[in-house]
Amino acid sequence: MAANPQTALSGLARALIQKGRLSEADAIACTPSDGATNGLLLEGIQRGILTARGIAQFVSETFGYPQIDISAVNLDFLPKNTVDINLMRKHQVVPLAQHTGPARLTLAVADPSNMRVFDEIRFQTGVQLELVIAEVDKLIRLVDQIGTSSSQALDNLSVDDELGAVNVSTDSAEEESSDVEDAPIVKFIQKVLIDAINEGASDIHFEPYEKFYRIRVRTDGTLREIAQPPLLLKEKIAARIKVISRLDISEKRVPQDGRMKLVLSKSKAIDFRVSTLPTLHGEKIVMRILDASSAMLGVDALGYEPEQKKVLLEAIERPYGMILVTGPTGSGKTVSLYTCLNLLNKPGINISTAEDPAEINLPGINQVNVNEKAGLTFSTALRSFLRQDPDIIMVGEIRDLETAEISVKAAQTGHLVLSTLHTNDAPTTLERLKNMGVAPFNIASAVILITAQRLARRLCSCKKPVDIPLEILLQSGFREEDLDGSWQPYGPVGCDRCKHSGYKGRVGIYQVMPVSEEIAHIIMTGGNSMDIAAQAEAEGVNDLRRSGLIKVRNGHTSLEEVLAVTNE
């Protein structure tokens, strides 16, 4: 006995037959033999039996799902890395928005009756689905746009020719290099890079483990997983990254450092600093995204308060002296230094920098990469600078007494010196120099300004007013005169724009401390950092906590965020 053809019909086909919108014979004729999702709709539209708009309205009314016009959807605001592009193409579905509490995903579909498809997507994403109905022809066009939106820019992926050649020394390496040219691997890595740039990420982590391989990006200081490629691809992904970064793909036993460049347009290119690290289960790779435009934003974009900005600008206009920027790794010290250098970068001024490595390329500034193995240290670079008729010198970091002493002498002999130190705040920086062995008199006469800084996550526009008990505000550092009812604290909410974190972007928190005569006296008479901090407070210098509370009062960030980044 022949099987009833109707048993192969989808739920949508049956509904169309029951409502008299489609004959059973036409439904069978339009249903593809492989049962592909939306095959009935596409074939019916092609034959002129159905219309995309009419079916979308019918499906919305029959199955009880809202209808949406996706022709107005902006690709930039769609959630990234939620549903695999191959699944989207296969089933003509598009994720429109992510939600939290509970975690769920809004999915645009044309046929909501094929539950097997949605089970597959639920399994991949691990979240519940909320379906909305869209016209199938528009869905297909949107899926095509998503699949190709980044490829135009990604085809411009290039390597800076001045960075040197790949060291391929063995036959096995040559065989491996041919493997990494696989088109899927190339496109996958390129998409990861573009998505990270669009998201405003600062770092991309490729991490191999025993039973899985994951990729995470750091956005606004927080790491977030974006993909888990198959574990078998870890070698090919690592090799491809090493090829485009001009690293030795045959060397997997020691760490390597390299660079690459992604050309987005004739006027826009992004540099990446690449670091590899051998781990138990393969090479971990971290790519730091170096966007030169961050140094061009200007002082106003960094988040200095008006008085702090005034003091900083007065200091960098001084003809000589030392300006120090302090803070932990990832606190924005480099961007602050480059912003100052960009303000000082004029045709009549000679600027030289020694960095490890140079992160942002600034035309008009002589930038030197420190190379410890070759003997090019900070101190040797500084000595060379002093024979190059400099006006301004930037030292990436003062790590030892020799570098500190040369920097101090340069600041005392008519040069403006900018550098960084890893200390918690401005007062402890002066004590740190003294502990390194720099004479107190030299510290007092050379250092003119110290800026300590942190980066706090900026509240997204979806922020909401919050009620914080008076006792908590006072314990956090607010003074009673601050709590006059003229302002309102805000807290995070979460929306599609901020990936439901409640925060979008970051804002700087600063302690800008000029070295006054009184502070210089404390240094020379053997005072400690507590004495310096007390004098700075008496002179009206806000510490990091106080500066952070000003950001809370102005609605830029939350109290919780300030307490976290200025933990005292």
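When reading the values below, keep in mind they use all heavy atoms of this one structure, side chains included, and skip hydrogens, waters and symmetry mates.
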Candidate pair Val311 and Leu449, rule side chain to side chain contact (heavy atoms under 4.5 Å, CB included), full reasoning: CA-CA 9 Å; Val311 172; Leu449 180 79; 3.7 Å; yes
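- Contact between Val562 and Gly548 at its shortest, heavy atoms only, is CG2-O, 3.4 Å.
- Listed for the Asn528 side chain is a donor-acceptor partner under 3.5 Å among the backbone atoms of Met530.
- Side chain of Asp271 to backbone of Leu290: no donor-acceptor contact under 3.5 angstrom is found.
- Contact detail for Ile522 and Ile532: the closest heavy-atom pair is CG2-CG1, 3.8 Å.
- Taking every heavy atom of both residues into account, Asn542 and Gln511 meet most closely at O-CG, 3.2 Å.
- Pairing each heavy atom of Val94 with each of Leu78, the nearest pair is CG1-CD1, 4.2 Å.
- In this structure the side chain of Ile241 reaches within 4.5 angstrom of the side chain of Val274, judged on heavy atoms.
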Stepwise salt bridge (Lys or Arg N to Asp or Glu O under 4.0 Å) check, Arg458 with Glu561: CA-CA 9 Å; Arg458 187 188 294 270; Glu561 184 70 8; over 6 Å; no
Pair Ser516-Glu539, side-chain hydrogen bond (donor to acceptor under 3.5 Å, both in side chains): steps then yes or no: CA-CA 9 Å; Ser516 63; Glu539 294 175 3; 2.6 Å; yes
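- With Asn342 contributing its side chain and Asn345 its backbone, the two residues share no donor-acceptor pair below 3.5 Å.
- Side-chain N or O atoms of Lys504 include none that pairs as donor or acceptor with a backbone N or O of Arg457 at under 3.5 Å.
- Residues Pro489 and Ile468 share a closest heavy-atom pair of CB-CD1, 3.9 Å.
- A salt bridge links Asp356 to Arg399: at least one charged side-chain nitrogen sits closer than 4.0 Å to a carboxylate oxygen.
- One finds no salt bridge joining Asp257 and Arg288 here, because no Lys/Arg side-chain nitrogen approaches an Asp/Glu carboxylate oxygen to under 4.0 Å.
- Of the inter-residue distances, the one linking Arg240 atom CZ with Ile237 atom CD1 reads 12.0 Å to the nearest 0.5 angstrom.
- Within the cation-pi definition used here (under 6.0 Å to the ring centroid, within 45° of the axis), Lys309 does not qualify as a partner of Tyr304.
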Trace of the salt bridge (Lys or Arg N to Asp or Glu O under 4.0 Å) decision for Lys310 with Glu314: CA-CA 6 Å; Lys310 178 175 178 290; Glu314 287 176 354; 2.9 Å; yes
CA sep, side-chain torsions, deciding dist, call: Gln488, Arg553, side chain to side chain contact (heavy atoms under 4.5 Å, CB included): CA-CA 7 Å; Gln488 169 69 55; Arg553 181 167 181 162; over 6 Å; no
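- A side-chain donor-acceptor contact under 3.5 Å links Asn366 to the backbone of Ile351.
- Looking at Ser547, its side chain does come within 3.5 Å of a backbone N or O of Tyr510 through a donor-acceptor pair.
- A donor-acceptor pair under 3.5 Å links the side-chain atoms of Arg545 to the main chain of Ser476, judged by distance alone.
- A distance-only check finds no donor-acceptor pair linking the side chain of Ser245 to the backbone of Leu247 [under 3.5 Å].
- Residues Phe188 and Leu193 form no side-chain contact, since every pair of their non-hydrogen atoms from C-beta on lies 4.5 Å or further apart.
- Summarising the geometry, atom OG1 belonging to Thr326 is positioned 7.5 Å from atom CD1 belonging to Ile450; distances are rounded to the nearest 0.5 Å.
- Gln367 is listed as a side-chain neighbour of Glu355, based on a closest heavy-atom distance under 4.5 Å.
- At a threshold of 4.0 Å, the pair Glu199-Arg224 counts as salt-bridged, since one of the basic side-chain nitrogens sits closer than that to a carboxylate oxygen.
- Enclosure of atom CG in Asp484 by more than 12 non-hydrogen atoms of other residues, nucleotides or ligands within 6.0 angstrom is indicated.
- By the 4.5 Å heavy-atom criterion applied to side chains, Leu455 and Val507 are not counted as neighbours.
- Around atom CD of Glu480, no more than 12 heavy atoms belonging to other residues, nucleotides or ligands sit under 6.0 Å away.
- Distance NZ/Lys261 to CD1/Ile244: 14.0 Å, rounded to 0.5 Å.
- Counted within 6.0 Å of CZ on Arg506, heavy atoms from surrounding residues, nucleotides or ligands total more than 12; the atom is thus considered enclosed.
- Scanning all heavy atoms of the two residues, the minimum distance from Leu421 to Ile398 falls at CD2-O, 3.1 Å.
- By the 4.5 Å heavy-atom criterion applied to side chains, Lys463 and Pro492 are not counted as neighbours.
- The closest donor-acceptor contact from the side chain of Lys234 to the backbone of Lys284 lies at 3.5 Å or more, if one exists at all.
- A salt bridge does not link Lys333 to Glu397: none of the charged side-chain nitrogens sits closer than 4.0 Å to a carboxylate oxygen.
- Interatomic distance, Ile393 CD1 to Leu418 CG, rounded to the nearest 0.5 Å: 10.0 Å.
- Looking at Tyr503 and Thr222, their side chains never bring a donor and an acceptor atom within 3.5 Å of each other.
- With hydrogens and angles ignored, the 3.5 Å screen pairs no side-chain donor or acceptor of Gln535 with any backbone N or O of Ile519.
- Taken to the nearest 0.5 Å, the CD atom of Glu130 stands 4.5 Å off from the CZ atom of Arg104.
- Taking CG of Asp400 as the reference point, atom CZ of Phe378 lies at 9.0 Å (rounded to 0.5 Å).
- A salt bridge is absent between Glu225 and Arg216; no separation between the charged side-chain nitrogens and carboxylate oxygens falls under 4.0 Å.
- No more than 12 heavy atoms of other residues, nucleotides or ligands lie within 6.0 Å of CD in Glu537, so this atom counts as exposed by the packing criterion.
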